[in-house]
Amino acid sequence: MTDSEYIKTRKATADALINWAKTGIRQFAMREAVNDYLEVSGANRSSISGEEAILAQSSRRKTK
């Protein structure tokens, strides 16, 4: 993704959040914009070796 695409996504998210905060409507459009931004920015990725590590940790706890 280019910087301009990232900036467009960030601006669309900010606009959707501001519109929702001012009017109280279009909650789902705002949520979708935030989800898109989180995906593009990488904030929705796990920081500890991915989903497999989380699943492995939870299965180890169950066996103890």
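In this text the structure is predicted, and so the values were computed from the model without any measurement.
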Would you list the atom pairs, donor with acceptor, under 3.5 Å between side chains in residues 20-33 and any protein atom, with sequence neighbours excluded?
from, atom 1, to, atom 2, distance (Å)
T23, OG1, N19, O, 2.7
T23, OG1, I25, N, 3.2

request  = With sequence neighbours left out, write down each residue that passes side chain to side chain donor-acceptor pair (under 3.5 Å) with D15, or none if nothing qualifies.
outcome  =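 For D15, the residues satisfying side chain to side chain donor-acceptor pair (under 3.5 Å) (neighbours in sequence not counted) are K11.
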query = Any chain of hydrophobic side-chain contacts (each under 4.5 Å) joining V34 to I18?
reply =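 Unlinked, V34 and I18 end up in two clusters.
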task = Could you check if a side-chain atom of T13 sits within less than 4.5 angstrom of a side-chain atom of D36, using non-hydrogen atoms only?
result =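 No, too far: nothing below the 4.5 Å cut-off.
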